[in-house]
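A short worksheet on the structure shown next.
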Amino acid sequence: MERLELIVVQLEEAKGLIEKGRVPHLRLAFILLDSVTELILHRTVQSALWDQKILTGMLATCKELAASGHAEAAAEIPSIEARIIPKSELKNIDRNFDAKVTLLVDRGTLDPALGPVLEKLHKYRNEMYHRDKLRREVLMPATLIYFDSACTALESYSRFMAFGSAPLGPEISRFTGGGSGFMQQNLPQKIAAQLRREVGLDLPQVRSALAQYLDARLDEISDSLAFIEDNLGVPQLVRGDALRLVQANLATNPTLEQVRGKKYPYSKADMERWRNEISALESISDKHDLVREYAAIEDAFEPFEQLVEKAALDVDREVQLQIDIARGK
């Protein structure tokens, strides 16, 4: 029960931070939710892979017997080998969040719809923790989604529970009615359901916030491309040229006609398609489908967005430099 209590206390702390609603608190809540989710995944993976050491030992034994002419042992070797996960893969699963998700989805322990959601949210956590990147516009909805997703992961935890006699803290006692929780095999589901009710997830509001965030970023891309065309200092530029220029290999000093004559990974049609896909988010009523489609759109245009941001920044720096020179600075 103490193992479950560690999870519940972390969820309760995240809930309290969400209720405060300020960016510093939401950031910490998000990091806590990622941590508790990975803890649940780690424990679930360990339980799912309990047989690996046994199988390795059995394989060694069968090989020894087969070398001595034991035909039955030799016949068992292929089936045992098929069940053993290579050490390199086990190491990757142990270290990698996404690999844990993939394993549990493949084994039917996690809902396949939850996999892409957890992977996207973990990516956001890494941005916050390692690169100090806060997506303020969607921090609240993303945190609410992560809380809900952590509760979903908790629901699959019952089969791995163990009960003890240690006294329980108030965070988990409120779910057991003051008792030990012994024999309450549905306790994780009960906890997850109640925490969901207490925190809440307004799907229409979340959907609107995610769509507005993506739309605003596409607006920024369009504005940046226009800025580049208006300030690059090349009089022959027309609308659409900047979209090509940010993707072209300018180190070869191509002519403008050469730039226009090549095909690039991203085009005006992609911009229009992303707009349509964002609009289509409004018709999605399933929370996991919503986040999966949101993530697909963002992952599709984010590399292009980064190219445009860098190019616009370079042009802006050059404009400011020319202004400073003109002022005699």
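Quick note: residue numbers are just sequence positions, from 1.
For Arg27 and Phe30, the positive end is not near the middle of the six-membered ring at less than 6.0 Å and at most 45° from its axis.
Of all heavy-atom pairs spanning Ala150 and Ile40, the tightest one is O-CD1, 4.1 Å. Residue Gln247 comes nearest to Phe304 through the heavy atom pair NE2-CE1, 4.0 Å, listed as atom of the first residue, atom of the second, then distance. Nearest approach of Ser35 to Gln10, heavy atoms of both residues: OG-NE2, 3.0 Å. Taking both residues in full, the closest heavy atoms of Ile297 and Ile278 are given as CD1-N, 3.9 Å, listed atom of the first, atom of the second, then distance. Closest approach of Leu110 to Leu114, counting heavy atoms only: CD2-CD2, 4.0 Å. Considering every non-hydrogen atom in both Gly21 and Met140, the closest pair reads CA-CE, 4.0 Å.
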Q. After noting the C-alpha distance and the side-chain angles of Gln306 and Glu302, does the key distance pass the side-chain hydrogen bond (donor to acceptor under 3.5 Å, both in side chains) rule?
A. CA-CA 6 Å; Gln306 292 168 356; Glu302 203 160 46; 4.9 Å; no
Q: Under the side chain to side chain contact (heavy atoms under 4.5 Å, CB included) rule, what do Tyr124 and Leu139 come out as? Steps first, then yes or no, please.
A: CA-CA 10 Å; Tyr124 275 10; Leu139 184 54; over 6 Å; no
Q.
Under the criterion side chain to side chain contact (heavy atoms under 4.5 Å, CB included), I'd like the reasoning laid out for Asp223 against Phe227: C-alpha separation, chi angles, the key distance, then a yes or no.
A. CA-CA 6 Å; Asp223 291 345; Phe227 172 81; over 6 Å; no
Q | Criterion side-chain hydrogen bond (donor to acceptor under 3.5 Å, both in side chains) on Gln212 and Ser208, from CA distance to verdict | A | CA-CA 6 Å; Gln212 289 177 19; Ser208 178; 2.9 Å; yes
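Checked against salt bridge (charged side-chain N to carboxylate O under 4.0 Å, His left out), Glu293 has no partners two or more places apart in sequence or in another chain. The side-chain contact (heavy atoms from CB on, under 4.5 Å) test applied to Ala113 returns Asp111, His288, not counting sequence neighbours. Residues passing the side chain to side chain donor-acceptor pair (under 3.5 Å) test with Asp219 are Arg275, sequence neighbours excluded.
Residues Ser224 and Glu309 bring no donor and acceptor atom of their side chains to less than 3.5 Å of each other. Side-chain contact annotation: Arg196 with Thr152, donor-acceptor N/O pair under 3.5 Å present.
Put simply, the side chain of Glu5 never gets that close to the backbone of Ile172: no donor and acceptor are under 3.5 Å apart. Panel note: side chain Gln258, backbone Thr255; a donor-acceptor pair is recorded below 3.5 Å. At least one donor-acceptor pair closer than 3.5 Å links the side chain of Asp270 to the backbone N or O of Ser267. The backbone N or O of Val238 sits less than 3.5 Å from a side-chain atom of Asp241, completing a donor-acceptor pair. Remark: the backbone N or O of Gln189 is not paired with any side-chain donor or acceptor of Asn186 at under 3.5 angstrom. With hydrogens and angles ignored, the 3.5 Å screen pairs no side-chain donor or acceptor of Arg83 with any backbone N or O of Ser79. For the pair Glu137 (side chain) and Tyr213 (backbone), a donor-acceptor distance under 3.5 Å is absent. Side-chain N or O atoms of Gln52 include one that pairs as donor or acceptor with a backbone N or O of Ile85 at under 3.5 Å. Listed for the Asp94 side chain is no donor-acceptor partner under 3.5 Å among the backbone atoms of Leu90. A donor-acceptor pair under 3.5 Å is formed between the side chain of Arg207 and the backbone N or O of Ile284.
No side-chain heavy atom of Phe301 sits under 4.5 Å from any side-chain heavy atom of Tyr266.
Separation of atoms CG (Leu11) and CG (Leu6) is listed at 11.0 Å; rounding is to 0.5 Å. Between the CG atom in Leu237 and the CG atom in Asp230 there is a gap of 9.0 Å [rounded to 0.5 Å].
Taking a cutoff of 4.0 Å between a charged side-chain nitrogen and a carboxylate oxygen, Lys123 and Asp34 do not qualify as a salt bridge. Using a 4.0 Å cut-off between a side-chain N of Lys or Arg and a carboxylate O of Asp or Glu, Arg135 and Glu298 qualify as a salt bridge. A salt bridge links Lys15 with Glu12; the closest basic N to acidic carboxylate O contact falls under 4.0 Å.
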